[in-house]
Amino acid sequence: MAVVFQGIGATAALTSATSVDSKKLYILSRRLVSETKSTFMVVRSDGRLNSGSNRRAQKLITNAVATKADSSPATKPGHELLLFEALREGLEEEMERDARVCVMGEDVGHYGGSYKVTKDLANKYGDLRVLDTPIAENSFTGMAIGAAMTGLRPIVEGMNMGFLLLAFNQISNNCGMLHYTSGGQFTIPVVIRGPGGVGRQLGAEHSQRLESYFQSIPGIQMVACSTPYNAKGLMKAAIRSENPVILFEHVLLYNLKERIPDEEYILNLEEAEMVRPGEHITILTYSRMRYHVMQAAKTLVNKGYDPEVIDIRSLKPFDLHTIGNSVKKTHRVLIVEECMRTGGIGASLTAAINEYFHDYLDAPVVCLSSQDVPTPYAGTLEEWTVVQPTQIVTAVEQLCR
Amino acid sequence: MSSAFSAINTIQPLHRTIDNPSVSPFLGSTHKLRSFPACNRAPSASWIRRRFSIVAVSDVVKQQKTKSGSSLSNLLITKEEGLELYEDMVLGRSFEDMCAQMYYRGKMFGFVHLYNGQEAVSTGFIKLLTKEDCIVSTYRDHVHALSKGVPARQVMSELFGKTTGCCRGQGGSMHMFSEEYNVLGGFAFIGEGIPVSTGAAFTSKYRREVLKEANSDQVTLAFFGDGTCNNGQFFECLNMAALWKLPIVFVVENNLWAIGMSHLRATSDPEIWKKGPAFGMPGVHIDGMDVLKVREVAKEAVERARRGEGPTLIECETYRFRGHSLADPDELRDPAEKAHYATRDPIAALKKYMIENKLVNEAELKAIDKKIDEVVEDAVEFADASPHPVRSQLLENVFADPKGFGIGPDGRYRCEDPKFTEGTAHV
């Protein structure tokens, strides 16, 4: 069983929190050992520390909700929490570490966040650091960008990712571009996060997948979290990054429970995560579809297939190394995503794989995406717009013939 | 201690006839108001009030006016201040004229928006700021950058697209940024800079209240035009700035035209200053062709913001002598309107004022004119001689942390690829 990464003790180097020298190029090798004051662990996505979550992930039913409580809590290391709590933990640790980190959004303060990600933070840090904004997405996103340019590190919460369509002007024009347009004079270390994706009969406008709209904007990075472990790690990495990062969460994954390490850790924003190594086929996925894939994987394993599942995590840029190594091993690729068929992440990923790894493919890249349909309210219709595990099983069987 | 603005923090406009000739009503507007198609209704009292009532200035200026009896108080500036203001306005004018020349000679391209005629606003406001205060502007930003202190050489180089420009040639005419002088742009879409300026003001307040930096009292000025005042971002930011009492001054450069759209044809209530009190901040209308009046009101507003009392909305009635941009044929504006405002040229007005009040003599002003000519010539020569950006600059500033380009198929970060630094990598 091949392990993709070999780095032992390899870490992501951190820049000093106080220096905002945007003129220096931070060219960092992944093999550099970081030098920070506190001891912490930076984990490469080699699957070893994820073993607990892998098992848990495979036990989940189709529509991911909170899992059963762990049967033997006392003996295992780390602590158990839900995904939104993991996000909050990451956020709180970063706010504790750097006083310039602040949160802005609708109902993040007194209400604690509509998904409770910022619960109690306003009590602890005050109304200015956890700012309840009026309902003006374009303007408060622009405000966060202006604050980032002048030295703060704001986190913008979109109550639902779809609302950030109103902020598209600021995200595209200012967030992504100002570092370049100013010739490198101003950095925009802003994190834009919020829940998106198809939920439980939320209707079309609350079920949008914005990763496809934002992916062309130059100058931003996009990541999608899927487990409490990577949610906390990515949140911390995004806050510490000097680049503007958009962190996509999913409405249905907030109540996932997992045991995460007590020690501080951050994950690499540009890397993908090996969920299940395999030999027969590479399945690339992210966010909620990871759970549909793992559900399908159970069935596939019973049928004798050995799928390799990779959670790409970094939607922009793609981790072509992990993906490439996998394609070179299995020669078959299936992409499972929740994005729309047209112009989605899967479409870009298909193009990238065809461009770089065409010689290694034994079959065309198959991309399973949501239908190009405004998500209907009716539960049955909604179920048919997103990819279900049975479709994944069928696709794998067809690809592996 | 109440600010002088509290007197006009009312919703009803003051309606008194103006006997002071240099403070005129919306001249561009009264002509149009008479033929305004919507005015088929019988003229109501409020409509008549709107025709004649304009001014809502601070008590300070009103007092000084009655004292001296002339339009500009003798107490307003010293000789040094006067020379500084004159030099800054002449720099703005000469620079813009040179831009036009260079554009037609093919040294700069794209959209170039010139500021001729509006110098009083830029000089009147920005010369009151410290280096740490921030300004945010629109695409008509050359003179704002110059007033803030960005060297003319850097601005001209930027316009020529050379690597020695203030943004390394990557911004251009509409995107002047300077970290050193706290010029936060330069935005092409109108209204886009207003939230950014609100954010800069937020940082100032955050520094003082959260980070406990006692000296943090930087003020931010947001400059934008009359067209922007119909845009959502304007209203949203007025709300937020007033809500949190941010140290910001919103400066409306109402030059009555948004390319070819007259302010009156686009706005239900053309008196923009009135929109301030609707959000809980003072709204002031001033004559933007008179640098001394602008400066007086600006001083009040900036000090109000610095004290932490919140934002102010200042509408400056001004005019651009040239078209919207160098590509605009400028056919829609009435020549009589242009001629009228030409007589109110802010530079000529300041010159006349200083000479009449014996602050300076002609020779000193001519010396400044000559000095500025040399500065602008030098800027052009410098820009001409500067190198164009090389290929390696292409990918350099896309990300502050170039790891954002991701990991390539070979396992290395894209930014470690030697082709990346050459600018030829495919990312």
Side-chain angles (χ1 to χ4, degrees), chain A residues 15 22 25-30 99-100 102 126 128-129 133-134 136 138-152 154 169-170 173-174 178-189 218-221 241-243 269-271 314 316-322 324 356-357, chain B residues 134 136 165-172 175 177-179 182 184-189 192 194-207 209-211 220 232-233 236-237 239-240 243-244 396-416 427:
Chain A
T15 63
S22 56
L25 280 180
Y26 293 107
I27 300 190
L28 301 160
S29 161
R30 284 187 296 168
R100 297 170 302 161
C102 55
L128 210 57
R129 261 190 102 176
T133 60
N138 200 17
S139 292
F140 69 69
T141 306
M143 197 170 102
I145 290 165
M149 285 167 80
T150 43
L152 300 186
N169 175 26
Q170 291 290 339
N173 278 324
N174 289 349
L178 283 189
H179 183 72
Y180 193 78
T181 313
S182 67
Q185 291 180 86
F186 291 101
T187 53
I188 323 247
I220 58 159
Q221 282 186 252
S241 171
E242 294 299 315
N243 299 332
L269 284 176
E270 296 90 25
E271 281 183 11
S314 174
K316 178 183 160 91
F318 295 130
D319 179 1
L320 290 174
H321 185 236
T322 311
Y356 286 102
F357 308 117
Chain B
C134 302
V136 172
C166 51
C167 302
R168 305 179 83 200
Q170 289 166 193
H175 304 283
F177 287 83
S178 169
E179 192 195 353
N182 287 304
L184 302 182
F187 292 93
F189 286 24
E192 208 175 40
I194 308 179
V196 174
S197 60
T198 312
F202 179 80
T203 301
S204 175
K205 185 180 165 96
Y206 187 97
R207 282 220 171 92
E209 294 184 15
V210 176
L211 300 180
T220 307
Q233 286 168 108
E236 289 172 4
C237 290
N239 178 42
M240 293 198 291
L243 180 66
W244 297 316
E396 259 172 27
N397 299 122
V398 179
F399 287 104
D401 178 2
K403 285 201 295 170
F405 278 116
I407 303 168
D410 56 1
R412 286 187 307 169
Y413 274 97
R414 282 253 165 73
C415 53
E416 292 167 11
V427 283

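Below, chains carry the letters A, B, ... as their sequence lines are ordered, and counting in each starts from 1. Note that the structure is predicted; figures quoted are calculated from it, not measured.
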Query raised in the report: Which atoms of B:Leu184 come close to chain A, meaning under 4.5 Å heavy atom to heavy atom: side chain ones, backbone ones, both, or neither?
Result: both
Report task. Could you tell me which portion of A:Thr133 (side chain, backbone, both or neither) has an atom closer than 4.5 angstrom to a non-hydrogen atom of chain B? Result -> both
Query raised in the report: What part of B:Asn239 gets closer than 4.5 Å to chain A, counting heavy atoms only: side chain, backbone, both or neither?
Result: side chain
Requested in this report: Calculate, to the nearest 0.5 Å, the distance between atoms OG1 and OH belonging to A:Thr150 and B:Tyr206 respectively.
Outcome: 11.5 Å
Requested in this report: Quick one: pull up CZ in A:Arg129 and CD in B:Glu209 and give me the separation to the nearest 0.5 Å.
Outcome: 13.5 Å
Query raised in the report: Roughly how far, to the nearest 0.5 Å, is the CZ atom of A:Phe186 from the CG atom of B:Asn397?
Result: 13.0 Å
Report task. For A:His179 and B:Ala400, work out which heavy atoms get closest and say how close. Result -> NE2-CA, 3.4 Å
**Report entry** Rounded distance (nearest 0.5 Å) linking atom OG of A:Ser182 with atom CD of B:Glu179
**Finding:** 8.5 Å
Query raised in the report: Taking all non-hydrogen atoms of both residues, which atom of A:Glu270 and which atom of B:Tyr413 are closest, and how far apart?
Result: OE1-OH, 2.8 Å
**Report entry** Residue part contacting chain A, namely of B:Ser178, when any heavy atom lies under 4.5 Å
**Finding:** both
Query - A:Ile188 versus chain B, the contacting section by heavy-atom distance below 4.5 Å - result: neither
Query raised in the report: Between A:Leu269 and chain B, which part of the residue has a heavy atom less than 4.5 Å away: side chain, backbone, both or neither?
Result: neither
**Report entry** Working for side-chain contact (heavy atoms from CB on, under 4.5 Å), residues B:Phe187 and A:Thr181
**Finding:** CA-CA 10 Å; B:Phe187 292 93; A:Thr181 313; over 6 Å; no
Report summary line: Minimal heavy-atom distance between A:Gly183 and B:Arg168, with the atoms involved, is O-CD, 3.3 Å
Report task. Using the side-chain contact (heavy atoms from CB on, under 4.5 Å) rule, take A:Ile145 and B:Glu192 through it: C-alpha gap first, then chi angles, then the decisive distance, then the call. Result -> CA-CA 11 Å; A:Ile145 290 165; B:Glu192 208 175 40; over 6 Å; no
Query - Max heavy-atom pair count under 4.5 Å with chain B, selected residue of A:Pro218, A:Ala144, A:Cys102, A:Ser314 - result: A:Cys102
Query raised in the report: Looking at B:Ser197, B:Cys134, B:Gly185, B:Cys166, which makes the most heavy-atom pairs under 4.5 Å with chain A?
Result: B:Cys166
**Report entry** Residue, of B:Gly406, B:Gly171, B:Gly404, that accumulates the most heavy atom pairs under 4.5 Å with chain A
**Finding:** B:Gly404
Requested in this report: Measure the shortest side-chain to side-chain distance between B:Gln233 and A:Asn169 over non-hydrogen atoms and say whether it is less than 4.5 angstrom.
Outcome: yes
Query raised in the report: From A:Leu152 CG over to B:Arg207 CZ, what is the distance, rounded to the nearest 0.5 angstrom?
Result: 6.5 Å
Report summary line: So, the part of A:Gln170 with a heavy atom under 4.5 Å from chain B: the answer is side chain
Query - Side chain / backbone / both / neither for A:Phe140 at chain B, heavy atoms under 4.5 Å - result: both
Query - chain A contact via B:Ile194 - which portion, at a heavy-atom distance below 4.5 Å - result: neither
Query raised in the report: Which answer fits A:Ala99, side chain, backbone, both or neither, if we ask what part of it has an atom under 4.5 Å from a heavy atom of chain B?
Result: both
Query - Value rounded to 0.5 Å, distance of CD1 in B:Ile407 from NE2 in A:His321 - result: 8.5 Å
Report summary line: Taking every heavy atom of B:Trp244 against every heavy atom of A:Met143, the minimum-distance pair comes out as CZ3-CE, 3.4 Å
Report summary line: Scored by heavy-atom pairs under 4.5 Å with chain B, the best of A:Pro317, A:Ser139, A:Gly219 is A:Ser139
Report task. Could you check which of B:Phe202, B:Phe177, B:Phe189 has the highest count of heavy-atom pairs closer than 4.5 Å to chain A? Result -> B:Phe177
**Report entry** Side chain proximity check, A:Asn243 to B:Phe405, heavy atoms < 4.5 angstrom
**Finding:** no
Report summary line: Note: vs chain A, highest number of non-hydrogen pairs under 4.5 angstrom among B:Thr198, B:Val136, B:Val398 is B:Val398
Query raised in the report: Is there a donor-acceptor pair closer than 3.5 Å between any side-chain N or O of A:Glu242 and the backbone N or O of B:Asp401?
Result: no
